[in-house]
Amino acid sequence: QVHLVESGGGLVQPGGSLRLSCKASGSIRSVATMSWYRQSPTYGRELVADITSDGSVNYADSVKGRFTISKDNAANTLYLQMNSLKPEDTAVYYCNALYRYLRYWGQGTQVTVSS
């Protein structure tokens, strides 16, 4: 089993920044894809960004240019740097790992963007 623990969420004003972290129990070098998803009542569940084992990255159009996904293999940690936050970014953010045809999810961390 792959265990994922997110942290770094919080309350910020529009235009602010947050950095989310996801600590994995095992080596993320063995994981095909690491992803950030988010869930909100307004927009449902959506893929925010992902990064493959070779470092290729993809972003949702809604966050492109504002968010950056990265990973530290030595620390077994996935990151999401979020800048220029908007109210529509408000959601529970989940870390996800695709490993041997199964998806594993973290518990989620709340991000609220509001003035």
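Because only heavy atoms are used, hydrogens play no part in the values below, and waters and symmetry mates are left out as well, while side chains stay in. Residue numbers count from 1 along this sequence.
By the 4.5 Å heavy-atom criterion applied to side chains, M82 and Y93 are counted as neighbours. Between V111 and L18, some side-chain heavy-atom pair lies under the 4.5 Å cut-off. The closest side-chain heavy-atom distance from P14 to P87 is below 4.5 Å. The shortest side-chain heavy-atom distance between L20 and Y79 does not fall under the 4.5 Å cut-off. Using a 4.5 Å heavy-atom cutoff, the side chains of R38 and V92 are not in contact. Using a 4.5 Å heavy-atom threshold, the side chains of V48 and L80 count as touching.
Here L4 contributes atom CG and S21 contributes atom OG; the two are 12.5 Å apart, rounded to the nearest 0.5 Å. Remark: T68 OG1 to N83 CG distance equals 6.5 Å, nearest 0.5 Å. Rounding to the nearest 0.5 Å gives a distance of 5.0 Å between CZ of R19 and OG of S70. Expressed to the nearest 0.5 Å, how far NZ of K23 lies from CG of D72 amounts to 8.5 Å.
Side-chain contact of T90 with E88: a donor-acceptor pair under 3.5 Å is absent, judged by distance alone. Inspection of the N73 and R29 side chains reveals no N or O donor paired with an N or O acceptor under 3.5 Å. Counted by atom type alone, R45 and Q39 present zero donor-acceptor pairs between their side chains at under 3.5 Å.
T77 contributes a side-chain N or O that, together with a main-chain N or O of A75, makes up a donor-acceptor pair within less than 3.5 Å. A donor-acceptor pair under 3.5 Å is absent between the side-chain atoms of S40 and the main chain of A91, judged by distance alone. Of the possible polar contacts, none joining the R103 side chain to the Y99 backbone as a donor-acceptor pair under 3.5 Å is found. A distance-only check finds no donor-acceptor pair linking the side chain of Q13 to the backbone of S115 [under 3.5 Å].
Between W105 and Y37, the ring centre distance stays below 6.0 Å.
Each of I51, D50, I69, L98 was scored for a side chain to side chain contact (heavy atoms under 4.5 Å, CB included) with M34, with one residue passing: I51.
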S17 and Q81: side chain to side chain contact (heavy atoms under 4.5 Å, CB included), yes or no, with the steps?
CA-CA 8 Å; S17 297; Q81 177 67 46; 4.1 Å; yes
Take C22 and Y94 through the side chain to side chain contact (heavy atoms under 4.5 Å, CB included) test and state the conclusion after the steps.
CA-CA 9 Å; C22 171; Y94 295 93; over 6 Å; no
Can K86 and D89 be said to form a salt bridge (charged side-chain N to carboxylate O under 4.0 Å, His left out), step by step?
CA-CA 5 Å; K86 304 174 180 179; D89 295 318; over 6 Å; no
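When the side chains of ILVMFWY residues are joined at heavy-atom separations under 4.5 Å, either directly or via intervening members, W36 and L102 end up in a single hydrophobic cluster.
N76 is linked by a side chain to side chain donor-acceptor pair (under 3.5 Å) to nothing, counting only residues two or more places apart in sequence or in another chain.
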